[in-house]
Amino acid sequence: MADTKGFIWGLGRRKSAVARVRIRGGSGKVTVNDRDGDEYFHSAVERNFLRQPFVVTDLVGKFDVFVNVKGGGNVAQAEAIRLGISRALITVNKELEVKLKEQSLLTRDSRMKERKKYGLRGARRGTQFSKR
């Protein structure tokens, strides 16, 4: 189901990163926060995260991707975008769900940072013991 401008939406999250992904038919251009995807992500691993859902479903170069992402680090943002793209592709074609699920591209990684507890230096680390 596309919105009024022909975009199909997908939401992806990882750690504290949230990616709002819009896709529509096009030439395969990726835009992240109004910058080119290759300019935004410098690492080849992060760029591969963006392309992975298209490679798995044999749709490379068929969709333009527009992403607004905030929070987290580079890898968490790239993984959130990957989940958002996968969810949007399922909206396009329900039959792609099997291929994406086999590669675990539809599973939201629920691991989050553990909160700091009072009296401790971090989530679990206590203060250093002093004998005197």
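The residues of the chain are indexed from 1 along the displayed sequence.
For the pair Asp64 (side chain) and Gly28 (backbone), a donor-acceptor distance under 3.5 Å is present. A donor-acceptor pair under 3.5 Å is absent between the side-chain atoms of Asn68 and the main chain of Asn33, judged by distance alone. Judged purely by atom type and a 3.5 angstrom limit, Thr31 has no side-chain atom pairing as donor or acceptor with the backbone of Phe66.
Residues in residues 5-16 take part in these salt bridge (Lys or Arg N to Asp or Glu O under 4.0 Å) pairs, two or more places apart or across chains: Arg14-Glu79, Arg14-Asp109.
Note: the hydrophobic cluster containing Leu100 does not contain Leu11 (ILVMFWY, side chain heavy atoms under 4.5 Å, direct or indirect links). Transitive grouping of hydrophobic side chains (ILVMFWY, heavy atoms separated by less than 4.5 Å) brings Leu59 and Val92 into a common cluster. In the hydrophobic cluster analysis, where Ile, Leu, Val, Met, Phe, Trp and Tyr join through side-chain heavy atoms closer than 4.5 angstrom, Leu83 is grouped apart from Phe7.
Taking 4.5 Å as the limit, some side-chain heavy atom of Phe63 sits within range of a side-chain heavy atom of Leu89. Contact annotation: the side chain of Val30 never approaches that of Asp36 to less than 4.5 Å [non-hydrogen atoms, C-beta and beyond]. The shortest distance between side-chain heavy atoms of Arg121 and Thr127 falls below 4.5 Å.
The shortest heavy-atom contact between Val67 and Ala19 is CG1-CB, 4.3 Å. Smallest separation of non-hydrogen atoms from Ile23 and Ala88: CD1-CB, 3.7 Å. Taking all atoms of both residues into account, the shortest heavy-atom contact from Gly71 to Ala17 is O-CB, 3.4 Å. Here the closest heavy-atom approach between residue Leu106 and residue Ser86 is recorded as CD2-CB, 3.7 Å.
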Q.
Please determine whether side chain to side chain contact (heavy atoms under 4.5 Å, CB included) holds for the pair Leu50 and Arg82, giving the CA-CA distance in whole Å, both sets of side-chain angles, and the decisive distance to 0.1 Å.
A. CA-CA 5 Å; Leu50 304 184; Arg82 178 177 69 178; over 6 Å; no
Q | Pair Glu97-Lys94, salt bridge (charged side-chain N to carboxylate O under 4.0 Å, His left out): steps then yes or no | A | CA-CA 6 Å; Glu97 186 173 4; Lys94 191 76 171 160; 3.4 Å; yes
Q: Start with the C-alpha distance between Arg20 and Val69, add both sets of side-chain angles, then the distance that settles side chain to side chain contact (heavy atoms under 4.5 Å, CB included), and finish with yes or no.
A: CA-CA 6 Å; Arg20 294 178 309 171; Val69 65; over 6 Å; no
(Q) Is there a side chain to side chain contact (heavy atoms under 4.5 Å, CB included) between Lys101 and Thr107? Walk through the geometry before answering. (A) CA-CA 8 Å; Lys101 203 169 246 190; Thr107 306; over 6 Å; no
Q.
side chain to side chain contact (heavy atoms under 4.5 Å, CB included), that's the test. Do Lys29 and Val65 meet it? Break it down for me.
A. CA-CA 6 Å; Lys29 190 176 114 182; Val65 180; over 6 Å; no
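Distance check, rounded to the nearest 0.5 Å: CD of Gln52 to OG1 of Thr57 gives 10.5 Å. Atoms CD1 and CD1, on Ile8 and Ile85 in that order, are 13.0 Å from each other to the nearest 0.5 Å. Note that CZ of Phe54 is 12.0 Å distant from NZ of Lys62, once rounded to the nearest 0.5 Å.
Of the residues Lys116, Arg111, Lys117, the one that meets the side chain to side chain donor-acceptor pair (under 3.5 Å) test with Glu114 is Lys117. Only one option out of Arg47, Glu46, Gln77, Arg35 pairs with Tyr40 in a side chain to side chain donor-acceptor pair (under 3.5 Å); it is Gln77.
With sequence neighbours excluded, no residue satisfies ring pair (Phe, Tyr, Trp, His ring centres under 6.0 Å) with Phe41. In this structure Arg51 satisfies the side-chain hydrogen bond (donor to acceptor under 3.5 Å, both in side chains) test together with Asp38, sequence neighbours excluded.
Atom CG of Asp34 has 12 or fewer heavy atoms from other residues, nucleotides or ligands within 6.0 Å.
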